[in-house]
Amino acid sequence: MDHRTKRAESRHVRYRQLTVSEQHNDNVSTPDPGTETVAAGSGLDAERARRLALLEELRAAGTNPYPYRFDRTHTLAEVREGWGQLEPGTETDDPVAVAGRVMLKRDSGKLVFATIRDRSGEVQLFISKAVVGDDAFAAVKALDLGDWVGVDGTVMTTRKGELSVKPERVELLAKAIRPMPDKWHGLHDVDTRFRQRYADLMINEDARRHFEIRHEMTASFRRTLARHGFIEVETPVLHPEVGGATARPFTTHHNTLDMSLYLRVAVELYLKRLIVGGMERVYEIARTFRNEGVSPRHNPEFTMMELYQAFADWTEMMAITEELITTAARDALGTTVVHVRGEPVDLADPWPRARLIDLASESTGTELHPSMPLADARKVAAAHDVHVEDRWGAGKIIEELFEKTAEASVVRPTFITGHPVEISPLARVDRDDPFLTERFELFVDARELANGYTELNDPVEQRARFEEEVAAKEAGDDEAGSLDEDYIRALEYGMPPTGGLGVGMDRLAMLLAGVDTIKEVILFPTLRPEVF
RNA sequence: GCCUCUCUAGCUCAACGGUAGAGCAGUGGACUUUUAAUCCAUUGGUUCAGGGUUCGAGACCCUGGGGAGGCACCA
């Protein structure tokens with residue numbers, strides 16, 4: 001048996017039924033207690049009641065206002081590609097089946113113009129009463145903005161040259177019960193935009209564009225990493241220990257195992273276990289959770305791409321950082337030029353490198369180095385109004401000084417390098433300076449976008465560094481990690497020389513999309529629950 | 001967590017302390033090449049919630065709630 005034929009027939013039947021039911025439209029004034037009460041008045045409730053009543057009429061006439069499928073032959077972009085060059089006033093016999101949401105409707109008596117949109121674009125429907133017939137035309141007139149329709153018709157252009165599909169049949173694919181946001185002004189209320197992302201996406205072109213860019217960026221990363229021989233892996237989200245980053249975790253509990261678990265704050269320690277195991281090049285695009293503040297640059301859950309490469313050091317990590325990001329810009333935007341604070345920045349230009357201690361020294365006017373006496377470092381901090389905890393060493397104080405005095409001026413892409421050992425418990429000591437590490441952070445527009453280093457693979461030294469963290473935690477630092485015995489055991493099996501990198505995907509998406517709040521690149525940002 | 005701002009019709013926005021309004025959407029009507037179609041008519045409100053001041057509160061004050069920005073913390 002031929003399903004396709006049967007389906008086409010049944011669609012036709014449904015359509016005819018729909019048009020019959022639409023004749024009820026002429027009868028709204030007919031006494032009908034139920035309809036009368038719901039149709040009275042306006043406002044959201046009345047509008048929903050009106051459309052729900054319409055649904056019941058369709059169903060009563062045997063029409064399903066929510067049919068199961070529609071077979072389309074062309075996306076709207078494909079229609080535009082195929083027939084975009086038609087001269088004004090051209091009629092073709094080229095058949096297409098297209099589907100989309102009704103975005104605009106212009107009723108001019110015996111003609112209705114409707115703009116429909118699918119994921120790929122918009123095309124106008126040119127619906128003629130003479131072509132579709134009286135009943136079907138009434139059904140078209142009863143369509144609401146926001147309804148989904150499927151159309152069989154031919155391609156044409158109007159006298160003014162507007163590319164259009166001239167339907168022979170219009171099938172309702174899904175009835176909208178709730179009105180769309182304003183067709184001209186759109187949806188501005190930020191609360192509503194983030195809570196009802198579906199409404200935001202249907203009406204705001206920019207919102208759709210941000211997430212297309214984000215998708216292209218992520219897809220580009222995967223392609224670049226594949227070219228370099230990296231394997232994508234998935235490691236636990238639920239961690240028995242906190243580690244891999246200095247951050248406050250979310251805590252949860254497993255009932256059957258009766259154990260506390262933490263939502264991961266990083267994937268670093270798991271990925272390096274895989275390097276120990278010999279996987280050589282691994283990465284994870286990892287949803288990560290930090291129980292900290294919410295701000296235009298911070299969401300409690302966010303996405304980091306972390307990669308680890310055996311036999312590489314930090315110099316290779318800087319090179320791949322540049323390649324990943326410039327390629328992603330090219331793939332997502334078609335250009336490597338992005339805008340930072342209104343100024344064009346070409347990501348393809350070389351990214352300067354500057355040592356963190358040099359920038360901090362420059363901005364404070366004092367030579368700073370983690371080997372300096374603690375008292376001197378504290379003096380500089382006091383002079384710059386930087387709060388200092390008793391347990392902090394000179395390295396941590398220098399980092400604070402950098403953040404307070406120098407970070408804001410790093411606007412163009414810059415690798416900040418050479419972080420003090422004290423603030424880099426997993427990074428390897430600089431081969432030329434025992435107080436610094438072979439580490440870098442990429443800053444753009446004063447925001448940290450990436451962080452990478454030559455990995456510490458000496459299990460004895462790693463244990464000592466962990467013990468310092470444990471001491472810090474006991475001294476009251478609730479962001480410090482704990483001692484991960486299993487990770488030390490892994491290192492004891494031997495981890496090859498390794499370079500590692502983490503990239504903040506949300507922040508990179510912000511840079512590419514040219515937005516200044518992280519909520520614009522997270523589909524469903526964390527919000528307090530809505531009260532209904 | 002603190003400070004500031006903000007919340008009015010489904011959406012976008014008005015309203016000096018003095019009868020809550022407009023545009024869009026909706027409803028009824030006209031129109032066979034429109035482009036946010038246009039034209040005529042028209043429905044629609046617990047002004048976030050609860051108190052208070054006042055002859056009178058959308059507006060002023062207090063408390064609470066949502067959101068935004070800033071600070072703190074972080075990526």
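All heavy atoms count here, side chains included; hydrogens, waters and symmetry mates do not. Chain A is the first sequence line, chain B the second, and so forth, proteins listed ahead of strands; every chain is numbered from 1.
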Atom CG of L111(A) and atom C1' of C31(B) are separated, to the nearest Å, by 10 Å
- request: Describe the nucleic acid contact of K183(A) in one word from base, sugar-phosphate, nothing, applying a heavy-atom distance below 4.0 Å.
  value: sugar-phosphate
Span that lies between the P atom of G65(B) and that of U54(B), in whole angstrom: 28 Å
- Does a donor on one side chain sit under 3.5 Å from an acceptor on the other, for S424(A) and R439(A)? yes
In terms of heavy-atom contacts, T158(A) and S164(A) come closest through CG2-OG, 3.7 Å
Whole-Å distance, I127(A) CD1 to U34(B) C1', equals 12 Å
Angle between ring planes, F443(A) versus F402(A), binned at 30° and 60°: parallel, tilted or perpendicular? perpendicular
Notebook entry, point to check: Under 4.0 Å between a side-chain N or O of R106(A) and OP1 or OP2 of U38(B)?
Noted result: no
Of H387(A) and D144(A), the one whose nearest nucleotide on RNA chain B sits closer to the 5' end is D144(A)
Need one value for R195(A): base, sugar-phosphate or nothing, where a base atom within 4.0 Å counts as base even if backbone is also close, heavy atoms only.
sugar-phosphate
key: Whole-Å P distance, C62(B) and G44(B)   = 36 Å
Quiz item: Do we count F302(A) as stacking onto A75(B) if the rule is ring centres under 5.5 Å and planes under 30°?
Solution: yes
query: If the P atom of A22(B) is compared with that of A9(B), how far apart are they to the nearest Å?
result: 14 Å
Scanning both residues in full, the closest heavy-atom pair of L201(A) with L523(A) reads CD1-CD2, 4.4 Å
Looking only at G69(B), G67(B), A37(B), the nucleotide nearest the T517(A) side chain is G69(B)
- Quote, to the nearest angstrom, the C1' distance that separates G23(B) from C39(B). 16 Å
Residue pair D516(A)/N299(A) against RNA chain B: nearer the 5' end by closest nucleotide is D516(A)
Between K166(A) and D93(A), does any NZ, NE, NH1 or NH2 come within less than 4.0 Å of an OD or OE carboxylate oxygen?
no
note: F289(A), atom CZ; C73(B), atom P; distance rounded to Å ~ 25 Å
Out of A75(B), G67(B), G26(B), minimum distance to the side chain of E47(A) belongs to G26(B)
Between CH2 of W184(A) and P of A36(B) the distance, given in whole Å, is 6 Å
Scanning all shown strands, the Watson-Crick or wobble mate of G1(B) with both distances under 3.5 Å is C71(B)
- request: Could you measure between the two P atoms, the one in U4(B) and the one in A75(B), and give it in whole Å?
  value: 29 Å
As its Watson-Crick or G-U partner within any shown strand, both distances under 3.5 Å, U33(B) has none
Under a plain distance cut-off of 3.5 Å, with no hydrogens placed, do E455(A) and Y453(A) share a side-chain donor-acceptor pair? no
Below 3.5 Å, does any donor atom in the side chain of T158(A) face an acceptor in the base of U34(B), or the other way round?
-> yes
Original post:
Which is true for D182(A) with a 4.0 Å heavy-atom rule: it touches a base, it touches only sugar-phosphate, or it touches nothing?
Top reply: base
Atom CG of D107(A) and atom P of C40(B) are separated, to the nearest Å, by 17 Å
Between G45(B) and A15(B), how far is it from one C1' atom to the other, in whole Å?
14 Å
* To do: Return yes if a side-chain donor-acceptor contact under 3.5 Å exists between R106(A) and Q124(A), otherwise no.
  => yes
C5(B) to C11(B) separation - C1' atoms, rounded to the nearest Å: 23 Å
As its Watson-Crick or G-U partner within any shown strand, both distances under 3.5 Å, G50(B) has C62(B)
Give each protein N/O atom lying under 3.5 Å from an N/O atom of nucleotides 1-5 of chain B, with the pair distance.
none

Distance only, no hydrogens: is a donor on one side chain within 3.5 Å (strictly under) of an acceptor on the other, for E284(A) and T235(A)?
-> yes
- Item | Same-atom distance (C1') from G64(B) to U6(B), integer angstrom | 16 Å
Using Watson-Crick geometry (N1-N3 plus N6-O4 or O6-N4) or G-U wobble (N1-O2, O6-N3), each under 3.5 Å, G56(B) is paired with none
Contact list (N/O, under 3.5 angstrom) for nucleotides 13-15 of chain B vs protein:
residue, atom, partner, partner atom, Å
C13(B), OP1, H188(A), ND1, 3.2

Looking only at side-chain N and O atoms, does R50(A) come under 4.0 Å of OP1 or OP2 in U27(B)?
yes
Q) For E399(A) and H419(A), does a side-chain donor sit closer than 3.5 Å to a side-chain acceptor? A) no
For T246(A) and A75(B), is the shortest distance between a side-chain N/O and OP1 or OP2 below 4.0 Å? yes
Q) Using a cut-off of 4.0 Å on non-hydrogen atoms, how would the nucleic acid contact of K166(A) be classed: base, sugar-phosphate, or nothing? A) nothing
Is E422(A) reaching over with its side chain to a backbone N or O of G393(A), donor-acceptor style, under 3.5 angstrom? yes
Quick one: do D191(A) and R195(A) make a salt bridge, cutoff under 4.0 Å?
yes
A41(B) -> Watson-Crick or G-U wobble partner, both distances under 3.5 Å, gives U27(B)
Return the orientation label for the Y270(A) and H239(A) ring planes: parallel under 30°, perpendicular over 60°, tilted otherwise.
tilted
Re A15(B): Watson-Crick or G-U wobble partner, both distances kept under 3.5 Å, found to be none
> Counting any heavy atom closer than 4.0 Å, what does A245(A) reach on the DNA or RNA strands: base, sugar-phosphate only, or nothing?
Replying inline: nothing
**Message:** Over all strands shown, is G502(A) touching base, sugar-phosphate only, or nothing at heavy-atom distances under 4.0 angstrom?
**Reply:** nothing
**Study point:** Quiz item: Q124(A) side-chain donor-acceptor pair to U34(B) base, under 3.5 Å
**Key:** yes
Taken to the nearest whole Å, CG/L44(A) to P/G45(B) is 12 Å
From the candidates A25(B), U34(B), A37(B), the one with an atom nearest any side-chain atom of L104(A) is A37(B)
Between NE2 of H185(A) and C1' of A22(B) the distance, given in whole Å, is 11 Å
Q. Touch check for E448(A), heavy atoms < 4.0 angstrom, all strands: base, sugar-phosphate only, or nothing?
A. sugar-phosphate
task = Using a strict cut-off of less than 4.0 Å between a Lys/Arg side-chain nitrogen and an Asp/Glu carboxylate oxygen, indicate whether D516(A) and R297(A) qualify as a salt bridge.
result = no
K519(A) NZ to G66(B) C1', in whole Å, measures 13 Å
